[in-house]
Asks: 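For reference, the structure I am asking about is given below.
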Amino acid sequence: MAGDTLTSTAYIKHHLQNLTYGQHPDGSWGLAHNAAEAKAMGFWAIHVDTMFWSILLGVIFLYFFSKAARKATAGVPSGLQNFVEWIVEFIDTSVRGSFSAKNDLVAPLALTVFVWVFLMNFMDLIPVDFIPAAFEHWVAPLFGIDPHAAFMKVVPSTDPNATFGMAISIFLLTVYYSLKIKGVGGFTAELTLMPFESSNKVVQGILIPINFLLEFVSLIAKPISLSLRLFGNMYAGEMIFILIAIMFNAGLVLGVFGGFLHLGWAIFHILIVTLQAFIFMTLTIVYMEMAHSHH
Amino acid sequence: MNINLTLIAEMIVFVAFVWFCKKFVWAPIINALHERKTQIADGLAAAERGQLEHELAEKRAVEALKEAKQQASEIIAKAEKRASDIVDESKTDARTEGDRLLAAAKAEIDQELQRAKETLRADLGAIVISGAEKILEREVDASAHDDMIKKLAAQI
């Protein structure tokens with residue numbers, strides 16, 4: 001628990017604040033002590049907790065998978081190799097199912113997206129106060145961080161920076177492959193000559209700006225919807241965990257009730273965690289497929 | 001919830017992870033999977049080939065067995081034929097030999113008969129002469145009547 005001195009609002013705010021490092025308006029570098037300070041830092045600030053957990057989880061993923069890959073043989077697979085192969089085959093089937101072109105990047109991209117997003121989402125299932133409290137009491141003093149400024153958001157996918165980071169990278173990849181496969185002309189034609197078409201040249205010319213507006217919005221909507229879907233789901237899920245956690249402070253009856261709620265939501269959340277990772281991966285494959293296909 | 005440098009950092013991290021995953025995770029695992037797939041396919045093909053060969057060998061064995069049976073029955077038939085031939089031959093031989101022996105025996109009997117007749121004839125002559133001597137109470141000149149006796153003997 002975050003302590004009795006905290007009000008519910010403060011408790012929630014505390015949990016929704018990233019550990020932000022950046023330059024204060026007065027020119028000094030350091031951690032933000034509250035949301036307003038973090039906002040004042042502007043763009044040139046970094047969320048230390050998001051970076052730490054996302055990199056840690058990615059490294060864990062790649063460590064175990066590359067360990068299995070190094071020892072991968074065509075013979076009878078061992079336990080870890082078996083597990084890794086199971087996931088790899090699952091991804092491979094998904095990619096084969098919705099991606100028809102030839103591109104060696106798509107499958108590893110889908111694997112990275114799926115496992116990394118899954119692991120980041122999975123952090124949501126760790127009770128909301130475990131890691132933040134441990135950080136506040138044991139780690140923060142080591143770095144001389146003020147306990148009141150010891151924010152710690154452990155679920156990187158509840159940080160839009162992480163989800164947008166992935167979505168924008170994927171978006172740039174789709175634009176790159178669109179240009180590479182269809183050429184500048186083909187890509188431009190795709191943006192301007194659809195969905196309204198006319199055999200009359202003049203009418204077609206008039207339709208170009210309308211088409212461009214529609215297609216451009218749908219193009220931009222892809223990375224935004226991709227990232228916001230994941231962010232929204234995980235943010236809402238974590239918010240509910242936080243709200244349930246408030247109940248633990250509100251007496252025995254509510255606390256026990258909250259315990260059951262927490263259990264139920266956690267079980268339900270396992271589904272969301274997996275589903276969101278799967279949706280993110282599937283949409284990545286679909287966008288890559290759209291970048292490779294001619295209309 | 002601010003968008004800040006974390007966005008760029010996450011993009012770089014993401015790209016690095018994808019690159020690492022492609023190079024050190026995906027490639028070796030998918031290669032191993034493909035290799036295993038071909039190995040299994042080869043194994044299955046070999047098993048099928050083996051089965052085919054086995055079936056072929058079985059068919060061949062059945063054929064060989066059939067041929068052997070046929071040969072055996074042929075040999076038996078031949079042997080039976082040979083046996084009956086031998087029996088027939090020996091029967092014929094035996095019959096001819098019997099006939100021959102019979103003929104020889106008959107000839108001997110005839111000879112004996114002839115000899116006995118001769119002896120009988122001679123003896124009869126002598127008996128007739130001695131009988132006539134007794135009847136006539138005198139000696140009959142055998143030489144004088146020899147012709148007549150001989151004629152009589154020949155009539156017997």
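Sequence lines set the chain letters: A, B, ... in the order given, protein chains first and strands last, and positions in each chain run from 1. Hydrogens, waters and symmetry mates play no part in the numbers below; they use all other heavy atoms, side chains included.
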Asks: Which heavy-atom pair separates B:Val15 from A:Ser169 by the least distance, and what is that distance?
Replies: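 B:Val15 and A:Ser169 have their closest heavy atoms at CG2-OG, 4.3 Å.
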Asks: Is B:Trp26 close to A:Val88 at the side-chain level, that is, under 4.5 Å between some pair of heavy atoms?
Replies: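 Sidechains of B:Trp26 and A:Val88: in contact.
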Asks: Would you say CZ of B:Arg115 has more than 12 non-hydrogen atoms from neighbouring residues, nucleotides or ligands within 6.0 angstrom?
Replies: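 Counting other residues, nucleotides and ligands, CZ of B:Arg115 exceeds 12 neighbours.
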Asks: Just by distance, do the side chain of B:Asn4 and the backbone of A:Gly42 share a donor-acceptor pair under 3.5 Å?
Replies: no
Asks: Check whether more than 12 heavy atoms from other residues, nucleotides or ligands sit under 6.0 Å from atom CD of B:Glu74, and answer yes or no.
Replies: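 Count over threshold, so yes.
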Asks: Looking at CD1 of B:Ile29 and CD of A:Glu85, how far apart are the two atoms once the value is rounded to the nearest 0.5 Å?
Replies: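 It comes to 7.0 Å.
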Asks: If we only count heavy atoms from C-beta on, is the A:Thr112 to B:Phe20 side-chain gap below 4.5 Å?
Replies: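 Not touching, per the 4.5 Å side-chain cut-off.
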Asks: Quick one, B:Phe14 and A:Leu109 - any side-chain contact, counting heavy atoms below 4.5 Å?
Replies: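 The answer is yes, as the side chains (C-beta and beyond) meet within the 4.5 Å cut-off.
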Asks: For the residue pair B:Cys21 and A:Phe65, establish whether any side-chain heavy-atom pair is separated by less than 4.5 Å.
Replies: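 B:Cys21 does not reach A:Phe65 side chain to side chain.
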Asks: Would you say the side-chain atoms of B:Thr6 pair up with the backbone N or O of A:Ile46, donor to acceptor, closer than 3.5 Å?
Replies: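 No, the answer is negative, given that no donor and acceptor are paired below the 3.5 Å cut-off.
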Asks: Between the side chains of A:Thr50 and B:Glu10, is a donor N or O closer than 3.5 angstrom to an acceptor N or O?
Replies: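 No, B:Glu10 and A:Thr50 have no side-chain donor paired with an acceptor closer than 3.5 Å.
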Asks: Counting only heavy atoms not in A:Phe43, do more than 12 fall under 6.0 Å of its CZ?
Replies: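 Yes.
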Asks: Quick one: CG on B:Leu7 to NE2 on A:His47, what's the gap to the nearest 0.5 Å?
Replies: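 Those atoms lie 10.5 Å apart.
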Asks: Going by heavy atoms in the side chains, are B:Phe24 and A:Leu62 under 4.5 Å from each other?
Replies: no
Asks: Could you tell me which portion of A:Leu105 (side chain, backbone, both or neither) has an atom closer than 4.5 angstrom to a non-hydrogen atom of chain B?
Replies: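 Contact with chain B is through both the backbone and side chain of A:Leu105.
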Asks: Before you tell me yes or no, could you show the steps for A:Phe164 and B:Ile3 under side chain to side chain contact (heavy atoms under 4.5 Å, CB included), namely the whole-Å CA-CA distance, both residues' side-chain angles and the distance that decides it to 0.1 Å?
Replies: CA-CA 9 Å; A:Phe164 269 107; B:Ile3 294 292; 4.2 Å; yes
Asks: Between A:Gln81, A:Met41, A:Lys67, A:Met51, who has the most heavy-atom pairs with chain B when the cutoff is under 4.5 Å?
Replies: A:Met51
Asks: Verify the neighbour count for atom CZ of A:Phe122: are there more than 12 heavy atoms of other residues, nucleotides or ligands below 6.0 Å?
Replies: no
Asks: Can you label the angle between the A:Trp116 ring and the B:Phe17 ring as parallel, tilted or perpendicular, going by 30° and 60°?
Replies: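 Ring orientation of A:Trp116 relative to B:Phe17: perpendicular.
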Asks: Side chain, backbone, both or neither: which part of A:Thr163 has a non-hydrogen atom closer than 4.5 Å to chain B?
Replies: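 Neither part.
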Asks: Find the one option among B:Glu35, B:Met11, B:Lys37 whose heavy-atom pairs under 4.5 Å with chain A are most numerous.
Replies: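 Of B:Glu35, B:Met11, B:Lys37, B:Met11 has the most heavy-atom pairs under 4.5 Å with chain A.
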Asks: Give, as side chain, backbone, both or neither, the part of B:Ile8 having an atom under 4.5 angstrom from any heavy atom of chain A.
Replies: side chain
Asks: Side chain, backbone, both or neither: which part of A:Val48 has an atom under 4.5 Å from a heavy atom of chain B?
Replies: neither
